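Each remark here refers to the structure printed beneath this line.
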Amino acid sequence: MADAAISIEGLRREYGPVIAVDGLDLEIETGECFGLLGPNGAGKTTTIEICEGLNQPDSGRVEVLGCRWDRDAHSLRQRIGISLQETQLSEKITVAETIDLFRSLYASPRPAAEVIDSVRMAEKRDSRVGQLSGGQKQRLALALALIPDPELFFLDEPTTGLDPQSRRQIWELIDGFRTRGRTVLITTHYMEEAERLCDRVAIVDHGRVIARGTPRELIDSLGAQYVIEFSVPEGEVTDHETLSGLHGVVGVDGHGSRCRLRVSELHTAMPALLAALDERDVSLTDLRTHAPTLEDVFVSLTGRYLRDV
């Protein structure tokens, strides 16, 4: 792809007997926010580390901004910004001193005040890093990644462990970066985050891409207007074949005591479900409905719940 910010073909990375990335192919267009989705251990972080030049592939081809790490490492480091899953900074120096330290690493860094203002930390510029909250430390990590005014921004699980308000603040910062026409590659296991931020996503499991497209395309592929999610007591089981035959049900996902029905008509599927469970004397411990999400896509593709893996 001529305008690809990142081009990956046949990427493979092994750690002894563990295959972290297994023949992964990916194209990320310039100017888009692209999400790598999947559970912990799916290969997301290994893939993004190879794209960042922090890890080496065993085989495959990776081009970043039309360059390769084995021959263009110095110039690439001046053109990208990286926010790792966890950033360890000196807690004894201030926010402003941290910014100045990292600015010294780049040939043409953005002004310190501009970087601090971009992450809304002007009031914390003289605070020591050790005094910052978790959300403020994450914003500082983003500020450091923005110092070179990067063409490509890598974000590895940027909001893990943050409270909802801090998460929304990070989202706003990412939106601001996108409006400037820059490219973002984000890894996350929060599906609602991907729906909110990403132009396109790829769902990764066991080191392979198992689905890709816009969030809307993937959700529409379920062919459902609603999802009914329910649980039964431990030890009781649901008959998927019977559930699949209920009026308005287009698919059944889940295992054990939990189940999800993808339905086209909620007003007919819900009474049919309750009647079927009552007929078999199966009680409910939980029952809820929602519009389909990317997590429902993951369950449909893998048979597993994202929060379980």
Side-chain angles (χ1 to χ4, degrees), residues 3-6 26-38 44-45 47-48 51-52 64-65 79-87 95 99 102 109-125 132-204 212-219 291 293-295 297:
D3 59 349
I6 298 177
L26 205 59
E27 295 276 3
I28 300 173
E29 298 176 17
T30 299
E32 74 174 334
C33 180
F34 193 96
L36 279 184
L37 316 182
K44 306 187 308 296
T45 294
T47 298
I48 201 172
C51 292
E52 294 165 342
V64 178
L65 300 175
R79 301 172 64 191
I80 66 173
I82 300 174
S83 180
L84 302 174
Q85 202 170 96
E86 185 176 347
T87 303
V95 168
I99 296 291
F102 276 74
R110 295 172 64 188
E114 181 180 302
V115 171
I116 292 174
D117 288 342
S118 71
V119 295
R120 303 177 186 175
M121 294 195 68
E123 76 284 358
K124 294 292 183 179
R125 60 175 294 111
L132 302 179
S133 67
Q136 290 167 344
K137 287 181 179 178
Q138 192 70 326
R139 277 192 281 160
L140 176 57
L142 291 176
L144 300 179
L146 293 173
I147 286 174
D149 196 16
E151 300 170 47
L152 174 59
F153 198 11
F154 292 97
L155 295 168
D156 193 6
E157 304 284 359
T159 63
T160 297
L162 298 185
D163 61 85
Q165 181 179 358
S166 296
R167 183 174 297 171
R168 286 192 296 271
Q169 290 174 339
I170 299 298
W171 290 356
E172 291 174 3
L173 293 173
I174 296 171
D175 281 338
F177 187 76
R178 292 175 60 202
T179 58
R180 298 171 57 208
R182 306 306 172 89
T183 307
V184 180
L185 174 57
I186 181 173
T187 70
T188 181
H189 58 265
Y190 295 128
M191 294 302 188
E192 74 279 7
E193 183 165 271
E195 290 182 41
R196 164 68 172 74
L197 294 174
C198 297
D199 300 301
R200 290 192 303 141
V201 300
I203 297 178
V204 180
R212 74 186 80 202
T214 68
R216 188 72 263 163
E217 287 170 347
L218 293 180
I219 292 170
T293 67
L294 283 174
E295 182 160 358
V297 176

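Being a predicted model, the structure only gives us computed values, none of them experimental.
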Checklist entry - Counting N and O atoms only, with roles assigned by atom type, does the side chain of Q136 sit under 3.5 Å from a partner on the main chain of S133, one being a donor and the other an acceptor? => result yes
Checklist outcome for this item: For C51 and F154, the nearest pair of non-hydrogen atoms, with its separation, is CB-CE2, 3.6 Å
Item to check | Heavy-atom check, side chain of E193 versus side chain of T188, under 4.5 Å | outcome: yes
Item to check | Approximate separation, where rounding is to 0.5 Å, of L140 CG and S83 OG | outcome: 9.5 Å
Checklist entry - Is there side-chain contact between I6 and E27, with heavy atoms separated by less than 4.5 Å? => result no
Checklist outcome for this item: d(I186 CD1, D156 CG) to nearest 0.5 Å is 9.5 Å
Checklist entry - What do the steps show when you test R212 against E217 for salt bridge (Lys or Arg N to Asp or Glu O under 4.0 Å), and what is the final call? => result CA-CA 9 Å; R212 74 186 80 202; E217 287 170 347; over 6 Å; no
Next on the checklist: Let me confirm one number: the CG-CZ distance from L146 to R110, rounded to the nearest 0.5 Å.
Outcome noted: 6.0 Å
Next on the checklist: Using a 3.5 Å distance criterion without hydrogens, assess whether the side chain of T183 forms a donor-acceptor pair with backbone atoms of G31.
Outcome noted: yes
Checklist entry - Are D149 and R180 within salt-bridge range, i.e. N to O under 4.0 Å? => result yes
Checklist entry - Any idea which heavy atoms bring L37 and K44 closest together, and the distance? => result C-CD, 3.6 Å
Item to check | Heavy-atom closest pair, residues P158 and T187 | outcome: CD-O, 3.6 Å
Checklist entry - Is the closest basic N to carboxylate O distance between R196 and D175 below 4.0 Å? => result yes
Next on the checklist: Using 0.5 Å steps for rounding, measure from the CG atom of L185 to the CZ atom of F34.
Outcome noted: 7.5 Å
Next on the checklist: Using the rule given for side-chain contact (heavy atoms from CB on, under 4.5 Å), can you reason through L36 versus L26, listing the C-alpha separation, both sets of side-chain angles and the distance that settles it, and then say yes or no?
Outcome noted: CA-CA 10 Å; L36 279 184; L26 205 59; 3.8 Å; yes
Checklist outcome for this item: Here the pair of heavy atoms bringing I99 nearest to I147 is O-CD1, 3.7 Å
Checklist entry - Checking R139 side chain against R120 main chain: does a donor-acceptor pair fall under 3.5 Å? => result yes
Next on the checklist: Is it the case that the side chain of E195 and the backbone of L294 share a donor-acceptor pair, with hydrogens and angles ignored and the cut-off at 3.5 Å?
Outcome noted: yes
Item to check | I203 and V297: CA distance, side-chain angles, deciding distance, side-chain contact (heavy atoms from CB on, under 4.5 Å) verdict | outcome: CA-CA 9 Å; I203 297 178; V297 176; 3.8 Å; yes
Item to check | Value rounded to 0.5 Å, distance of CG in L173 from CZ in R168 | outcome: 13.5 Å
Next on the checklist: Evaluate I80 against E151 for side-chain contact (heavy atoms from CB on, under 4.5 Å), listing each step before the verdict.
Outcome noted: CA-CA 6 Å; I80 66 173; E151 300 170 47; over 6 Å; no
Checklist entry - Got a donor-acceptor contact below 3.5 angstrom from the Q138 side chain to the I170 backbone? => result no
Checklist entry - What closest approach, in Å, do T87 and A141 show between heavy atoms, and which atom pair accounts for it? => result OG1-CB, 3.9 Å
Next on the checklist: With a 6.0 Å cut-off (strictly less than), is the heavy-atom count around CD of Q165, excluding the residue itself, greater than 12?
Outcome noted: no
Checklist entry - How about F177 and C33: do any of their side-chain heavy atoms sit closer than 4.5 Å? => result no
Checklist entry - Does NZ or CZ of R167 lie under 6.0 Å from the centre of the six-membered ring of Y190, at an angle within 45° of the ring axis? => result yes
Item to check | Test side-chain contact (heavy atoms from CB on, under 4.5 Å) applied to F153 and L142, step by step | outcome: CA-CA 9 Å; F153 198 11; L142 291 176; 3.8 Å; yes
Item to check | Spacing of T30 atom OG1 and R182 atom CZ [to the nearest 0.5 Å] | outcome: 11.5 Å
Checklist entry - Heavy-atom distance under 4.5 Å between the side chains of E157 and L84, does that happen here? => result no
Checklist entry - Salt bridge or not for R200 and E32, using N-O below 4.0 Å? => result yes
Item to check | Distance-minimising heavy-atom pair for L144 and P148 | outcome: O-CD, 4.1 Å
